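For reference, the structure is listed below as C-alpha cells.
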Number of protein chains: 2
Amino acid sequence: MSNLATIANLIGDPSRAAMLQALLPGEALTAGELARVAGIGAAATSAQVKALVESGLVSVHAQGRHRYHRLAGEEVASALETLMALPQVSPRKSWPHGDAFRQARLCWHHVAGRIGVALHERLTGDGWIAAAPGGWAATGSGEARLEKLGVDLAAARRAPRFACDCMDWSERRPHLSGGLGREITSMMTRRLWLTRIEPLATDLLQRRRLACTPEGARALSAEFGIAA
Amino acid sequence: MSNLATIANLIGDPSRAAMLQALLPGEALTAGELARVAGIGAAATSAQVKALVESGLVSVHAQGRHRYHRLAGEEVASALETLMALPQVSPRKSWPHGDAFRQARLCWHHVAGRIGVALHERLTGDGWIAAAPGGWAATGSGEARLEKLGVDLAAARRAPRFACDCMDWSERRPHLSGGLGREITSMMTRRLWLTRIEPLATDLLQRRRLACTPEGARALSAEFGIAA
DNA sequence: CGGACGTTTCGGCGCCCACCGAAGCCCGGC
DNA sequence: GCCGGGCTTCGGTGGGCGCCGAAACGTCCG
C-alpha cells in the first residue's frame with residue numbers, strides 16, 4: 001500500500017481522527033483522555049493509539065502509570081489542518097464547534113483562527129517578516145518591533161524552523177507557525193491579550209479555544225492594526 | 001463524522017489513493033484509465049469515482065462516451081502532496097518509483113522534485129519573489145528577469161493565486177505553486193529545458209516524470225545557479 | 001439500425017477491522 | 001504485601017465496505 005493510502009487510512013478512521021484533532025493544540029493527552037474523546041473503550045483505544053504511534057504520527061512518553069501522547073511534530077499538525085481546510089463534503093454545514101471557535105484557538109503552539117490569519121497578514125504585509133528559504137525571516141525593523149513587544153526572538157530561532165505557514169482550516173488562509181509563531185503566542189498569553197477557555201465538559205477540543213481580552217483587543221489594534 | 005475523518009477516509013482507500021496519485025499531475029483521466037491505475041474492475045471503479053466526485057475532491061467532465069476526471073483544484077493536489085511528505089511509516093523503504101522520479105516531475109501544473117525545490121529556493125533567496133499576503137509576489141527586479149526569460153506574468157496573475165508554496169513529498173521542502181509556478185513550467189517546457197517522459201507500461205504515474213535536457217541543465221545553471 | 005465500447009446500476013459475496021469483555025500487567029499508594 | 005487504577009493483550013463477534021459478474025444504459029460508428 002502506498003504511503004499516501006497508509007497515512008490517510010490512519011487518519012480516516014473516525015476514532016483516530018477524533019484523537020488527532022484533540023491533539024492538534026499540541027498538548028499531551030493520556031490514553032484515557034483519548035478514549036473519552038473518541039468515545040470508545042480502553043481496549044479499542046489502546047489498539048488505535050498503537051497504530052498511530054507505530055506510524056510515526058504520534059509520539060508517546062511514559063510517565064508513571066500514565067502514558068502521554070502528542071503529535072509527532074508540527075508538520076503533522078500542519079498536514080491535518082490542511083486536510084480540514086479542503087472543500088467541505090456534501091451539504092455544507094455550520095462549523096462543528098460554533099463561530100466562537102473561529103475567532104482564536106491554539107494550533108500546535110501558535111494562534112490560529114481569525115486572529116491568527118489576521119496576524120499573518122499584517123506581519124507579512126507590513127514588513128515585519130520577509131520571505132526566506134523554507135519560510136520567513138524577520139526584517140531589521142521587524143526584529144526591533146518584535147523585541148519591543150516582548151517576543152523572545154532568540155528562543156524562536158532555536159526552533160527547527162523560525163517561521164513558516166500553516167494552513168488554517170476554518171479561515172482557509174495561512175497563519176504563522178514555527179518558533180516565531182510560538183513565541184508571539186507566548187507573549188500574547190503572558191501579557192494576557194489572549195486567555196485559554198477551559199473545557200466545559202468532556203469535549204477536549206474546547207481546550208483549543210482562546211478568548212481575546214479587552215486589553216488584548218486594544219493592543220492588537222494599536223500594535224498590528226487588527227480589529228479583533 | 002468529522003470533516004477530517006471523512007476526507008481522510010476517502011483518500012485512505014488504496015484504490016482511491018492510487019487514482020488520486022494518478023491525477024496529481026493535473027491531467028484528466030477517464031474512468032477506464034483510473035480503473036487500470038487502481039487495478040480494479042469497472043464496476044468498483046464507478047463506485048469509487050462517484051464517492052470522490054461527490055466529496056468534491058475530483059471534478060468530472062462528460063464528453064461523448066468518455067468521462068474525464070481531474071482533481072477539483074490545486075489545494076487538493078497540495079494537500080495530497082503534504083500528506084505524502086509526512087514521516088514514512090514503519091520500515092523506511094526506497095522511493096516507490098526510483099530515484100529518477102525525484103529529479104523532476106509535474107505536480108498539478110508546476111515542477112516538483114529536486115529541480116522544483118531548488119527553483120523555489122533560488123527564487124525566494126535571490127529576491128525574484130517576496131512574501132505577500134497569502135503567498136508570494138514578484139519583486140521589481142524579479143519581474144524584469146522573469147519576463148526576459150519568457151515567463152508570461154500576465155497569465156500568471158490571472159490564476160486564483162499568483163504564487164504560493166506546495167509541500168514536495170519526495171524532498172520534504174516546498175516548491176512553487178500557483179499561476180507563477182504554472183507559467184514558469186510552461187516556459188521551461190516550451191523552451192525544451194524539461195521534457196515529458198512518456199509512460200512505458202500501464203503505470204500512469206510515470207506520466208508525471210520530467211527529464212532535464214542538456215540545454216535545460218545549462219540554462220538552469222546560468223539563469224538560476226541550479227545544478228540539475 | 002445494429003453492434004461495439006465505455007460506463008453505471010444491481011445483487012451478492014467475503015474480508016477486513018474496529019469494537020467489546022475479560023484477563024493480565026505495571027505502577028503507585030495505603 | 002495487598003489493593004486500586006491506568007493501560008495492554010487476547011479471543012471473539014459483527015458490521016461496513018470494497019470487490020466482482022451480470023445486466024442495463026448511453027454514445028459513437030459503420
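So that the names make sense, note that chain A is the first sequence line, chain B the second, and so on, each numbered from 1. What you see is a predicted model; the values in this text were computed from it and never measured. Keep in mind that the numbers below use all heavy atoms, side chains included, and drop hydrogens, waters and symmetry copies.
Look at CD on A/Glu54: it is 14 Å from P on C/dC17, rounded to the nearest Å. Atom pair B/His66:NE2 and D/dC29:C1' shows a separation of 13 Å (rounding to whole Å applied). Rounded to an integer number of Å, the gap from A/His61 NE2 to D/dC7 P is 13 Å. We find that CG of A/Leu34 is positioned 12 Å from C1' of D/dC7, with the value rounded to whole Å. What separates CZ of A/Arg16 from P of C/dC19 is a distance of 8 Å, to the nearest Å. To the nearest angstrom, P of D/dC17 lies 16 Å from CD1 of B/Ile40. Separating the CG atom of A/Leu10 from the P atom of C/dC16 is a distance of 17 Å, rounded to the nearest angstrom. Here D/dG6 presents its C1' atom at 11 Å from NE2 of A/His69, a figure rounded to the nearest Å.
Counting only heavy atoms from C-beta on, A/Lys50 has its side chain closest to D/dT9 among C/dC20, D/dG18, D/dT9. Out of D/dT8, D/dG18, C/dT8, the shortest distance to the side chain of B/Arg67 is found at C/dT8. Nearest nucleotide to the side chain of A/Ala31, out of C/dT8, D/dC20, D/dC7: D/dC7. For B/Arg65, whose side chain is taken as the heavy atoms from C-beta onward, the closest listed nucleotide among C/dA18, C/dC5, D/dT9 is C/dC5. Proximity note for B/Ala43 (side chain, C-beta onward) versus D/dG21, D/dG18, C/dC19: the nearest is D/dG21.
Shortest non-hydrogen contact noted between B/Trp136 and B/Phe162 is O-CD2, 3.3 Å. Nearest heavy-atom pair, B/Glu81 versus B/Leu24, reported as atom, atom and distance to 0.1 Å: OE2-CD1, 3.6 Å.
Side-chain atoms of B/Leu29 and B/His69, non-hydrogen and from C-beta on, never get closer than 4.5 Å to each other. Residues B/Val58 and B/Leu71 are in side-chain contact: their nearest non-hydrogen atoms beyond the backbone lie under 4.5 Å apart. Proximity of B/Leu119 to B/Met188: side-chain heavy atoms (C-beta onward) are separated by under 4.5 Å at one or more points.
For C/dC17, neither phosphate oxygen OP1 nor OP2 lies less than 4.0 angstrom from any side-chain nitrogen or oxygen of A/Gln48. Proximity of B/Ser15 to the phosphate of D/dG18: no side-chain N or O atom is located under 4.0 Å from OP1 or OP2.
Residue B/Thr30 is in sugar-phosphate contact alone, with no base atom involved, counting any heavy-atom pair closer than 4.0 Å across all strands shown. In this structure, B/Thr45 reaches neither bases nor backbone, as no heavy-atom distance under 4.0 Å exists between it and the strands shown.
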